[in-house]
Undergrad: 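Mind looking over this structure? Questions follow.
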Amino acid sequence: MGDKSGIEWTDATWNCIYGCSRVSPGCEHCYAERMTRRLARGSALTILTSKGVRWSNKIDLAPERLDQPIRWQRPRMIFVNSLSDVWHKDVPNEYIAAMFGIMAATPRHTFQILTKRAARLPDWFGWLGNRPLTECYRAAMKYVPKVADLIDPSVTWPLKNVWIGVSVEDQKRAEDRLPYLEEIPAAVRFVSAEPLLGPLDFADALFGWADTIDWVIVGGESGPGSRPMERAWAESIRDQCLDGMVPFFMKQWGQYDENGQRAKSKKDTGCLIDGVDYKQYPRVA
Ligand code: SF4
């Protein structure tokens with residue numbers, strides 16, 4: 001499990017943390033919550049309520065899956081933890097360091113990590129101290145000893161193959177979360193505005209935003225109970241990205257098309273804006 005991904009902007013998913021808890025309106029129809037329920041570990045990590053499946057707010061680490069990227073020989077873009085949030089408060093600092101150690105040991109891959117817990121990002125990078133790469137390798141070797149044989153002296157910090165992104169669904173969440181991206185060392189910093197639930201003005205959220213943000217993804221919500229993304233919100237983000245020369249990736253309209261009509265499936269609404277398919281990637285890619 002985990003190799004192929006249905007997510008348009010990546011090739012594969014690597015899940016080594018399971019479980020989460022809701023933090024903001026973007027979590028309202030959390031896909032991971034429903035997916036996790038179907039897994040063997042789902043009965044401990046989720047509960048069935050009168051409103052449907054909900055997280056039990058427990059976290060389950062899966063260190064036996066840490067070596068998966070090492071076993072993948074062909075280079076690929078890997079979305080890290082599609083079923084959790086790496087910087088959830090119950091994920092230990094050492095475990096996140098172990099994940100970064102694995103990513104350092106596999107520079108052939110590109111890793112994309114998204115979080116809604118942006119406030120923890122600078123804390124975690126600060127916790128790593130002044131020898132971050134050594135700390136990450138050491139943490140990884142506790143679980144995967146063969147990392148010792150994969151250390152490449154040409155790999156430096158911050159890791160060139162790790163993109164760190166923040167999920168935002170509206171202006172408030174953009175203003176709360178985006179400034180933390182500025183505080184961390186990352187080769188690529190990105191924003192995923194999915195599900196987009198309101199208009200976004202990046203300049204109001206982060207002064208000089210286009211100098212910090214390397215990539216913007218936009219997507220409407222899909223699935224049961226999904227909420228519409230207005231055409232003007234997506235167009236405005238597209239225009240802000242064009243003005244700022246920031247690569248823009250339009251993932252999907254979601255359950256509602258660009259005219260606000262609900263469709264049977266997100267496949268029916270597609271991803272075109274004014275007939276154009278925006279599938280740009282950060283320049284390092
Ligand atoms: S942070 Fe992500 S995985 Fe966690 S509840 Fe929210 S949407 Fe789901």
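Counting begins at 1 with the first residue of the sequence. When a ligand or atom number is given, it counts from 1 through the structure's own listing order. These numbers come from a predicted model, not from an experiment.
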Undergrad: Heavy atoms, side chains only, cut-off 4.5 Å: are I184 and Y180 in contact?
TA: no
Undergrad: Compute whether any side-chain donor of one residue and acceptor of the other, for T46 and R41, lie under 3.5 angstrom apart.
TA: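 Per modelled atom types, T46 and R41 side chains form no pair under 3.5 Å.
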Undergrad: Can you report which non-hydrogen protein atom sits closest to atom 7 (S) of ligand 1, along with the distance?
TA: K116 NZ, 3.5 Å
Undergrad: Under 3.5 Å, is there a donor on one side chain and an acceptor on the other for S21 and H88?
TA: yes
Undergrad: If the cut-off is 2.8 Å, does any N/O/S atom of C27 fall short of it from atom 8 (Fe) of ligand 1?
TA: no
Undergrad: Does only the side chain of W55 get under 4.0 Å from ligand 1, or the backbone, or both, or neither? Count heavy atoms.
TA: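 Near ligand 1, W55 shows its side chain, while the N, CA, C and O stay back.
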Undergrad: Considering the options I164, T115, V80, which one meets the side chain to side chain contact (heavy atoms under 4.5 Å, CB included) requirement together with V86?
TA: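 Only match with V86 under side chain to side chain contact (heavy atoms under 4.5 Å, CB included): V80.
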Undergrad: Who's the nearest protein heavy-atom neighbour of atom 4 (Fe) of ligand 1, and how far?
TA: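 That would be C20 SG, 2.3 Å.
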Undergrad: For ligand 1, which part of S21 has a heavy atom less than 4.0 Å away: the side chain, the backbone, both, or neither?
TA: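 S21 to ligand 1: backbone contact only, side chain stays beyond 4.0 Å.
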Undergrad: Among all protein heavy atoms, pick the one closest to atom 8 (Fe) of ligand 1 and tell me residue, atom and distance.
TA: C30 SG, 2.3 Å
Undergrad: When you measure from atom 1 (S) of ligand 1 to every protein heavy atom, which one gives the shortest distance, and what is it?
TA: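 For this ligand atom, the closest protein heavy atom is R117 NH1, 3.3 Å.
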Undergrad: Given the ring of F248, does R238 sit roughly above its face, with NZ or CZ under 6.0 Å from the centre of the six-membered ring and within 45° of the axis?
TA: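 So R238 doesn't make the cation-pi contact.
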Undergrad: Are a donor atom and an acceptor atom from the side chains of Q255 and K266 found within less than 3.5 Å of each other?
TA: no
